[in-house]
K.L.:
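I am attaching a structure below and will ask some questions about it afterwards.
For reference, positions follow the sequence shown, starting with 1. Hydrogens, waters and symmetry mates are skipped; everything else that's a heavy atom, side chains included, is used.
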Amino acid sequence: MLTAKQKELLLFIHQRIKESGVSPSFDEMKEALDLASKSGIHRLITALEERGFLRRLPHRARALEVLKLPDSAAPAAPPRGRGPFRPSVVSDAMIEPHIAAAALSEIPIVGRIAAGAPIEALQNEIGRVAAPPDMLGEGEHFALEVRGDSMIQAGILEGDTVVIRKTDHAESGDIVVALIDEEEATLKRLRKRGGSIALEAANPAYETRIFGPDRVRIQGKLVGLIRRYV
């Protein structure tokens, strides 16, 4: 039997992981439950662990796994304090039960993209991945395998496959595939600063990189990601 606060926290964590693939921070949990301090969150999480509803994953920051929900669980309310963008996340477990009900669209995986240290520019097709049509929308799409951890606070982890809509135009704040000097491809948040372009990481361990507009070419905009849980 869970207390009201324990149940509220468990449903909040479950909803946030479902939406973004990343568990909420302690500050976000404190705000969502309207608690005065993070010590109360620690006590609730410990109680949920002891009752077998929650598990902390070792050696990873902000890593919580919901093991089960209470039988009386109702859909959680949308979490507060979300940023302007959270990518759609689809796992194999979510796709497989619905394959017969809705056709999936195959898009090419055209290489690996750096969400961290620079890597080589986009390569030729190395495989294909199935994605639900409602993730894709209109236009041409391609997929990239993520390497690095510079976008973890945007819910994008190493090993994810990001789904990109081809475009050479993006607004400030969009997460984009940017080609720098025609040789380095990277996945970052675009910021327009006067006559310059800033490529911003979603990890405080990485610095924002600023370039002249002639050095950066937008190749696409992030519309979703596919994650395998193995």
K.L.:
Going by heavy atoms in the side chains, are I226 and V163 under 4.5 Å from each other?
P.N.:
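They are in contact (side-chain heavy atoms under 4.5 Å apart), so the answer is yes.
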K.L.:
Could you tell me which non-hydrogen atom of L199 sits nearest to which non-hydrogen atom of K188, and how far apart they are?
P.N.:
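Result for this residue pair: CB-CB, 3.9 Å.
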K.L.:
Can you see which heavy atom on A185 is nearest to which on L179, and at what distance?
P.N.:
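In this case the closest contact between A185 and L179 is N-CD1, 4.0 Å.
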K.L.:
If only atom types and distance count, is the side chain of N203 paired as donor or acceptor with the main-chain N or O of D149 below 3.5 Å?
P.N.:
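Yes, the answer is positive, given that a donor and an acceptor are paired below the 3.5 Å cut-off.
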K.L.:
Starting from L64, can I reach L2 by hopping between I/L/V/M/F/W/Y residues whose side chains sit under 4.5 Å apart?
P.N.:
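As far as the 4.5 Å side-chain criterion goes, L64 and L2 are connected within one cluster.
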K.L.:
In Å and rounded to the nearest 0.5 Å, what is the CG to CD1 distance from L10 to I45?
P.N.:
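These two atoms lie 10.5 Å from each other.
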K.L.:
Who pairs with E65 by salt bridge (charged side-chain N to carboxylate O under 4.0 Å, His left out), at least two apart in sequence or on another chain?
P.N.:
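Result, salt bridge (charged side-chain N to carboxylate O under 4.0 Å, His left out) vs E65: R55.
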K.L.:
I'd like to check the side chain to side chain donor-acceptor pair (under 3.5 Å) partners of K166; sequence neighbours left out, ordered by chain and number.
P.N.:
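By the side chain to side chain donor-acceptor pair (under 3.5 Å) rule, K166 matches E140.
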K.L.:
Side-chain polar contacts of residues 36-43 - donor-acceptor pairs under 3.5 angstrom, sequence neighbours left out - could you list them?
P.N.:
from, atom 1, to, atom 2, distance (Å)
S37, OG, S39, OG, 2.8

K.L.:
Run through L54, I17, V66 and flag the one making a side chain to side chain contact (heavy atoms under 4.5 Å, CB included) with S23.
P.N.:
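It is I17, the one option of L54, I17, V66 that forms the side chain to side chain contact (heavy atoms under 4.5 Å, CB included) with S23.
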K.L.:
Under the side chain to side chain donor-acceptor pair (under 3.5 Å) rule, collect the residues that match up with D27, sequence neighbours excluded.
P.N.:
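Residues passing side chain to side chain donor-acceptor pair (under 3.5 Å) with D27: none at all.
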K.L.:
Could you see if V176 belongs to whatever hydrophobic cluster contains I152? Use Ile, Leu, Val, Met, Phe, Trp, Tyr and a side-chain cutoff under 4.5 Å.
P.N.:
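V176 does not cluster with I152.
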K.L.:
Out of curiosity, L190 CG to I218 CD1, how far, rounded to the nearest 0.5 Å?
P.N.:
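So the CG of L190 and the CD1 of I218 are separated by 5.0 Å.
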K.L.:
Nearest 0.5 Å, what's the CD1-CZ distance between I113 and F142?
P.N.:
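Result: 7.5 Å between the selected atoms.
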K.L.:
Apply the test side chain to side chain contact (heavy atoms under 4.5 Å, CB included) to residues I164 and L222: give CA-CA distance (whole Å), side-chain angles for both, the deciding distance (0.1 Å), then the verdict.
P.N.:
CA-CA 5 Å; I164 307 295; L222 178 69; 4.0 Å; yes
K.L.:
What distance do M151 atom CE and R189 atom CZ have between them, rounded to the nearest 0.5 Å?
P.N.:
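Here the rounded value is 5.5 Å.
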K.L.:
Is there a donor-acceptor contact under 3.5 Å from the side chain of K5 to the main chain of L33?
P.N.:
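Such a contact is found between K5 side chain and L33 backbone.
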K.L.:
Kindly give the heavy-atom pair with the smallest separation between G155 and D160, and that separation in Å.
P.N.:
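What the structure gives for the nearest pair is O-OD2, 4.0 Å.
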K.L.:
Is V177 linked to V216 within one hydrophobic cluster, defined over Ile, Leu, Val, Met, Phe, Trp and Tyr using a side-chain heavy-atom separation of less than 4.5 Å?
P.N.:
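The answer is no; the residues belong to distinct hydrophobic clusters.
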K.L.:
Quick check on the hydrophobic clustering: are Y206 and I197 connected, directly or via other members, by side-chain heavy-atom contacts under 4.5 Å?
P.N.:
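Y206 and I197: separate clusters.
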K.L.:
Side chains of I156 and I175: does their closest heavy-atom pair fall under 4.5 Å?
P.N.:
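In contact.
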K.L.:
T161 and A143: which non-hydrogen atoms are nearest, and at how many Å?
P.N.:
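Minimum heavy-atom separation between T161 and A143: CG2-CB, 3.7 Å.
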K.L.:
Return the minimal non-hydrogen interatomic distance between R147 and E145, and the atom names on each side.
P.N.:
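Scanning both residues completely, I find the closest heavy atoms to be NH2-OE1, 3.4 Å.
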K.L.:
List the residues meeting side chain to side chain donor-acceptor pair (under 3.5 Å) with E171, not counting sequence neighbours, and say none if there are none.
P.N.:
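E171 satisfies side chain to side chain donor-acceptor pair (under 3.5 Å) with H169 only.
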K.L.:
Any donor-acceptor pair under 3.5 Å linking the side chain of R16 with the backbone of P24?
P.N.:
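The answer is no, because no donor-acceptor pair under 3.5 Å joins these two groups.
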K.L.:
Could you give all pairs that pass the salt bridge (Lys or Arg N to Asp or Glu O under 4.0 Å) test and reach residues 191-206, with sequence neighbours left out?
P.N.:
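Listed by first then second residue: R191-E200.
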K.L.:
Could you give me the CA-CA distance, side-chain angles and deciding distance for L144 and L187, then say whether side chain to side chain contact (heavy atoms under 4.5 Å, CB included) is met?
P.N.:
CA-CA 10 Å; L144 295 161; L187 183 72; over 6 Å; no
K.L.:
Measure the spacing between OG1 of T186 and CZ of R209 and express it to the nearest 0.5 Å.
P.N.:
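Spacing of OG1 (T186) from CZ (R209) equals 6.5 Å.
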K.L.:
Testing the basics here: between T208 and A198, what is the closest heavy-atom pair and its distance to 0.1 Å?
P.N.:
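Looking at all heavy atoms of both residues, the shortest contact is CG2-CB, 3.8 Å.
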K.L.:
Which value, rounded to the nearest 0.5 Å, describes the distance between E8 atom CD and L35 atom CG?
P.N.:
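Result: 8.0 Å between the selected atoms.
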